[in-house]
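Below, chains carry the letters A, B, ... as their sequence lines are ordered, and counting in each starts from 1. Remember, predicted model here, so these are calculated numbers, not experimental data.
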Amino acid sequence: MTTIAYTKTRFAPSPTGLLHSGNYRTAVFSYLFARQHGGQFVLRIEDTDRARSRKEYEDNIVESLAWLGLEYDDFSRQSEHVGAHRAAIQKLVDSGAAYVSQETPKTPDARAEVIRFKNPGGVISFADVVRGAVSMDVSDLGDFVIAKGFDEPIFHLAVVVDDADAGITHVIRGEDHISNTPRQILIQRALGLETPVYAHLPLILAADRSKLSKRKGAKALTEYREMGVLSEAMLNYLALLGWHPEDDCEYLSRADLMARFSLDRVQKSGAMFDETKLFSVNQHWMRALSDAAYGTYLGRGEAIPPALLQLCKDKAHTFKEAQDLLTKLNVELYGALLPDLNEGTLRVKEPSDQPSATRKHLTHLLLLIERLPDDVGAATIKDVLMPYADQEGRAAVLWPLRYALSHAERSPDPFTLIAILGKNEALNRIHKALAILKE
RNA sequence: GGCCCCAUCGUCUAACGGCUAGGACAGCGCCCUUUCACGGCGUAAAUCGGGGUUCGAUUCCCCGUGGGGUCACCA
């Protein structure tokens with residue numbers, strides 16, 4: 001005899017704003033858990049609050065999930081399930097578990113008639129996968145509202161009905177829902193429904209250790225994509241927020257996560273969202289990209305020379321940063337901002353007892369570079385020039401070369417510069433430098 | 001405030017009740033070096049406090065403290 005090990009989880013966001021990383025972290029955990037159990041993961045848009053729900057937010061959710069690669073087996077909107085909600089409300093009212101309540105509206109848009117759940121009181125306990133046994137006295141909840149009318153369910157009723165109808169076995173959600181759970185269990189019982197397994201995840205925290213929110217400056221997930229964060233990196237970082245593998249390995253691919261994730265190792269306390277670490281993880285995955293793929297993300301196709309690409313891989317933490325770097329370099333190397341050469345700076349590494357060393361070195365380098373084939377890489381250029389630099393003194397040779405090429409005290413190394421500028425332009429610039437030399 | 005949850009370096013975290021409390025990010029330092037980076041090496045940095053239980057508590061129990069969540073006709 002085998003029990004059918006059936007697992008189904010869901011991500012149930014409400015489309016009332018752009019969701020941030022904390023929201024998607026729960027989606028990541030739900031997805032990983034379902035998939036590694038051979039189960040299903042579904043997306044349900046919780047749009048029962050029609051006044052605040054917007055299509056553009058729903059689109060953003062779909063887009064974000066696609067970006068993260070969290071495919072879902074089913075898509076639905078809570079508003080499509082009103083029939084089931086109505087039937088459930090009717091059933092509760094008929095059985096006496098709920099009642100239509102006449103009241104004086106406290107706010108302008110409040111109804112004079114709502115449906116309240118008749119709270120039986122007592123202590124509700126449930127076993128949370130993350131937190132263990134949780135119990136709460138529901139008496140002080142009073143007779144809570146479950147619907148504004150037979151066709152307008154409130155969150156708690158709708159969630160319970162939808163999860164049951166969809167056959168959700170594990171509800172994985174943020175800890176902010178933990179105190180909602182007892183009242184949802186109450187509704188389940190009154191409806192004769194099974195209680196799913198709950199796993200309440202620790203919250204993702206803002207810098208002040210309070211719940212991450214847009215108000216606290218949390219970015220929408222899609223903003224990170226626009227900044228040039230890789231999906232793989234975001235997934236990796238999100239998984240590390242409140243979870244950690246057995247060993248010290250922190251760079252985990254999608255496949256690694258699928259193989260290694262487990263709810264047992266989920267942390268109980270909240271985790272602060274650290275953008276710096278996200279960017280560091282992103283840099284790791286950016287470097288792991290092939291040159292071709294890297295170029296594609298940069299949006300400059302194959303036009304990007306290997307020397308520039310290497311420069312980006314060395315320095316950039318995001319593709320936005322890489323693009324900025326290229327733009328800045330372009331402006332600095334070719335733009336109107338190219339400063340005039342300063343003779344003193346050109347000769348700053350010149351040994352004081354060799355007043356014509358700079359002229360001599362640049363003149364010799366000119367010869368070496370002239371003999372270089374066209375379009376060679378930085379590595380080859382280095383191989384050709386380095387022996388001379390080593391022989392004559394690296395600083396005395398390479399500093400004036402680099403300065404002559406870049407007109408800047410700080411820049412990429414001279415070999416990379418020659419590769420970027422091209423042989424002819426490099427020669428021109430060295431000639432220009434020689435021209436201002438008085439000795 | 002009521003109820004609920006939580007507590008290891010600045011941050012994310014590791015440590016069957018048993019090594020010198022480990023790693024990563026960020027810091028700092030050194031090396032590499034033609035500058036800025038990259039890289040390599042190293043360093044500083046934590047078990048909230050008090051009681052228990054135990055031969056032995058980061059780990060288990062209690063109290064305190066601190067932090068967070070939640071208390072809607074939002075989700």
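- Ion pairing between a basic and an acidic side chain is recognised when a charged N comes within 4.0 Å of a carboxylate O; A:Arg52 and A:Asp49 show such pairing.
- With salt bridges taken as basic N to acidic carboxylate O contacts below 4.0 Å, none links A:Lys148 and A:Glu113.
- When the P atom is used for both B:C16 and B:A72, the distance is 42 Å, rounded to whole Å.
- The existence of a salt bridge linking A:Glu103 and A:Arg116 is confirmed by a sub-4.0 Å separation between a basic side-chain nitrogen and an acidic carboxylate oxygen.
- Nucleic acid contact for A:Glu152: none, since no nucleic acid atom lies under 4.0 Å from a heavy atom of the residue.
- Checking the phosphate oxygens (OP1, OP2) of B:A14, a side-chain nitrogen or oxygen of A:Gln267 falls inside 4.0 Å.
- For the pair A:Arg183 and A:Phe144, the cation sits on the ring face: its NZ or CZ lies under 6.0 Å from the ring centre, inside 45° of the axis.
- Applying the ring-ring contact (aromatic ring centres under 6.0 Å, His included) test to A:His85 and every residue at least two apart in sequence or in another chain returns nothing.
- Applying the salt bridge (charged side-chain N to carboxylate O under 4.0 Å, His left out) test to A:Lys216 and every residue at least two apart in sequence or in another chain returns A:Asp208.
- In this view, A:Lys118 satisfies the salt bridge (charged side-chain N to carboxylate O under 4.0 Å, His left out) rule with no residue, not counting sequence neighbours.
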Tabulate atom names and distances for all N/O pairs under 3.5 angstrom spanning the protein and nucleotides 1-3 of chain B.
none

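- Because its glycosidic torsion is more than 90° from 0, B:C32 is reported here as anti.
- The salt bridge (charged side-chain N to carboxylate O under 4.0 Å, His left out) analysis of residues 271-287 of chain A, with sequence neighbours excluded, yields the pairs A:Lys219-A:Glu275, A:Glu250-A:Lys277.
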**Request:** Between protein and nucleotides 62-68 of chain B, map the contacts as a letter string: B base, S sugar-phosphate only, - none, heavy atoms under 4.0 Å, written 5' to 3'.
**Result:** ------S
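- Across all strands, A:Arg173 comes closer than 4.0 Å to no nucleic acid atom at all (heavy-atom distances).
- Using a cut-off of 4.0 Å between Lys/Arg side-chain N and Asp/Glu carboxylate O, A:Asp74 and A:Arg10 are scored as not salt-bridged.
- Counting only residues at least two apart or on different chains, the salt bridge (charged side-chain N to carboxylate O under 4.0 Å, His left out) pairs with a member in residues 393-409 of chain A are A:Asp390-A:Arg394.
- Not counting sequence neighbours, A:Glu321 has no partner by the salt bridge (charged side-chain N to carboxylate O under 4.0 Å, His left out) test.
- The existence of a salt bridge linking A:Glu175 and A:Arg131 is confirmed by a sub-4.0 Å separation between a basic side-chain nitrogen and an acidic carboxylate oxygen.
- Between A:Arg260 and A:Glu246 there is a salt bridge, with a side-chain nitrogen of the basic residue lying less than 4.0 Å from a carboxylate oxygen of the acidic one.
- If you check residues 231-249 of chain A against RNA chain B, the residues with a heavy atom closer than 4.0 Å are A:Leu240, A:Leu241, A:Gly242, A:His244, A:Asp248, listed by number.
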**Prompt:** How does protein contact run along nucleotides 31-39 of chain B, one letter per nucleotide 5' to 3', with B for base contact, S for sugar-phosphate only, - for none, heavy atoms under 4.0 Å?
**Reply:** --SBBBSSS
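- Among residues at least two apart or in separate chains, there is no salt bridge (charged side-chain N to carboxylate O under 4.0 Å, His left out) pair with a member in residues 412-422 of chain A.
- Seen from the ring of A:Phe273, A:Arg209 does not count as a face-on cation partner, given the 6.0 Å and 45° thresholds.
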Measure all distances between protein nitrogen or oxygen atoms and nitrogen or oxygen atoms of nucleotides 72-75 of chain B, and list the pairs falling under 3.5 Å.
from  : atom 1 : to       : atom 2 : distance (Å)
B:C73 : O2     : A:Arg111 : N      : 2.9
B:C73 : N3     : A:Arg111 : N      : 2.6
B:C73 : N3     : A:Arg111 : O      : 2.8
B:C73 : N4     : A:Arg111 : O      : 2.6
B:C74 : OP1    : A:Lys148 : NZ     : 3.0
B:C74 : O2'    : A:Asp49  : OD2    : 2.7
B:C74 : O2'    : A:Arg52  : NH2    : 2.7
B:C74 : O2     : A:Arg52  : NH2    : 3.1
B:A75 : OP1    : A:Thr48  : OG1    : 2.7
B:A75 : OP2    : A:Phe155 : N      : 2.8
B:A75 : O3'    : A:Glu46  : OE1    : 2.8
B:A75 : O2'    : A:Ser14  : OG     : 3.2
B:A75 : N6     : A:Asn180 : OD1    : 3.4
B:A75 : N6     : A:Asn180 : ND2    : 3.3
B:A75 : N1     : A:Asn180 : ND2    : 3.3

